[in-house]
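Below is one structure; the comments refer to it alone.
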There are 2 protein chains.
Amino acid sequence: MINTDLDPLDREILKLLQQDVLLTNKEISYTLRKSIATVHERIRRLREQGYIKRSVAILDRKKINRSLVAFSQVLLNDHALSTLATFEEEVIKFPEVMECFQMTGTFDFILRIATSDMDAYHQFYRHKLATLPNITSIQSFFVLSETKSDTAYPL
Amino acid sequence: MINTDLDPLDREILKLLQQDVLLTNKEISYTLRKSIATVHERIRRLREQGYIKRSVAILDRKKINRSLVAFSQVLLNDHALSTLATFEEEVIKFPEVMECFQMTGTFDFILRIATSDMDAYHQFYRHKLATLPNITSIQSFFVLSETKSDTAYPL
DNA sequence: GTTGAAAGACCTAGTGA
DNA sequence: TCACTAGGTCTTTCAAC
């Protein structure tokens, strides 16, 4: 697919939808001084071409009993393809694991873990994460406060 | 406010909206075998009570030229309130900084940085991040691959 | 690519059960 | 909680520019 670059109107629409995807075409068209049909067509194209991957509700994690967030750095015994693949396959099955990235540097993976409290993290660590094969070390860091947490990319 | 706990219907609705917030009340009511009026009232309450914080479009970062993601661990010279506050105030102004968490452990903050490539990261590091006052050290790790990246909490 | 108009779908609030 | 209703809003399509 040709990477049809975004023009200024596309960018303005994406900025708005990154903040609030429930904005109506009418509201957007008013804000950007374009017709409803134009806005509608642009958004249809942005979805079809994959610029907009998903539209999701963001929950307040403290209200649903996920007050503790940890980042866990995992180092594996070796880097055989099967070792990496097995770790990835298994770790993403844990519901506590919100994100898993393979990394450059002094460890192999970084995980973002969300649990209700330290006790729940401990249970997760001891009975789930640490039981996976080929793990050399796990180092965990806990979030004290969220200074900024944004899903919107500047455009 | 009393923390009115979520009942099974609330949880099912939140599960669906975390995956796709554009589902119509009609579709949800069909899936969960409830009336549209019931679904409508539940969602209204979930928003009002703050369970649903925001509804956002998630973009494909590779398509908008943010291919490189880094985690940067920052250690400050001291932990005076003003030192912490100044760092936070300044760092969240950088558009490359998607997230900033104050952490427990051997460093003070972890940042998630999104840039177009390593050169852009280098520019950010050299001319923005490293110029902030009272920084002792910055250690950066780069994402090789995204194994899992979810905004939806299991319920 | 953009526009206005028109038809159909959906939202929302209300009533009564 | 549900079924039903009705007015108002929004989506989606399309011929025309």
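The model shown is predicted, which means the values in this text are computed figures rather than measured ones.
Using modelled atom types and a 3.5 Å distance limit, the side chains of Y121(A) and S72(A) yield a donor-acceptor pair.
With hydrogens and angles ignored, the 3.5 Å screen pairs no side-chain donor or acceptor of S29(B) with any backbone N or O of V39(B). At least one donor-acceptor pair closer than 3.5 Å links the side chain of K148(A) to the backbone N or O of V97(B). Distance alone, capped at 3.5 Å, is enough to place a donor-acceptor pair between the T131(A) side chain and the K128(A) backbone. The closest donor-acceptor contact from the side chain of Q18(A) to the backbone of L59(B) lies at 3.5 Å or more, if one exists at all.
Counting 5' to 3', DNA chain D first comes under 4.0 angstrom of a heavy atom of chain B and last does so at the ends given by dT1(D) to dA3(D).
Note on H40(A): a base of the nucleic acid sits closer than 4.0 angstrom, heavy atoms only.
The residue from N25(A), D7(A), I28(A), L14(A) that alone fulfils the side-chain contact (heavy atoms from CB on, under 4.5 Å) condition with R42(A) is D7(A).
The existence of a salt bridge linking E12(B) and K15(B) is confirmed by a sub-4.0 Å separation between a basic side-chain nitrogen and an acidic carboxylate oxygen. With respect to R45(A) and E48(A), no salt bridge is recorded, no charged nitrogen being found less than 4.0 Å from a carboxylate O. Salt bridge present: E146(A) and R61(A) bring a charged side-chain N and a carboxylate O closer than 4.0 Å.
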Grab the N/O contacts between the protein and nucleotides 15-17 of chain C below 3.5 Å, and write none if there aren't any.
none

Identify each atom pair where a protein N or O and an N or O of nucleotides 2-5 of chain C are less than 3.5 Å apart, giving names and distance.
from   : atom 1 : to     : atom 2 : distance (Å)
dT2(C) : OP1    : R42(A) : NH2    : 2.9
dT2(C) : OP2    : R42(A) : NE     : 2.9
dT2(C) : OP2    : R42(A) : NH2    : 3.2
dT3(C) : OP2    : S35(A) : N      : 3.2
dT3(C) : OP2    : S35(A) : OG     : 2.8
dT3(C) : OP2    : T38(A) : OG1    : 2.3

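The interatomic distance linking Y30(B) (OH) with dC11(C) (C1') rounds to 21 Å, in whole Å. The interatomic distance linking R47(B) (CZ) with dT12(C) (C1') rounds to 14 Å, in whole Å.
Put simply, the side chain of V74(A) reaches to within 4.5 Å of the side chain of L111(A), judged on heavy atoms.
Contacts of K26(A) classified as side-chain hydrogen bond (donor to acceptor under 3.5 Å, both in side chains), with partners at least two apart in sequence or in another chain: none. Judged as a salt bridge (charged side-chain N to carboxylate O under 4.0 Å, His left out), and not counting sequence neighbours, the contacts of E41(B) are R44(B).
Between F124(A) and F94(A), the angle of the ring planes goes over 60°, which puts this pair in the perpendicular group of the 30/60° scheme.
Applying a 4.0 Å cut-off to non-hydrogen atoms, the residues of residues 21-29 of chain B that approach DNA chain C are T24(B), N25(B), K26(B), listed by residue number.
The phosphate of dG1(C) (OP1 or OP2) has a side-chain N or O of R45(A) nearer than 4.0 angstrom.
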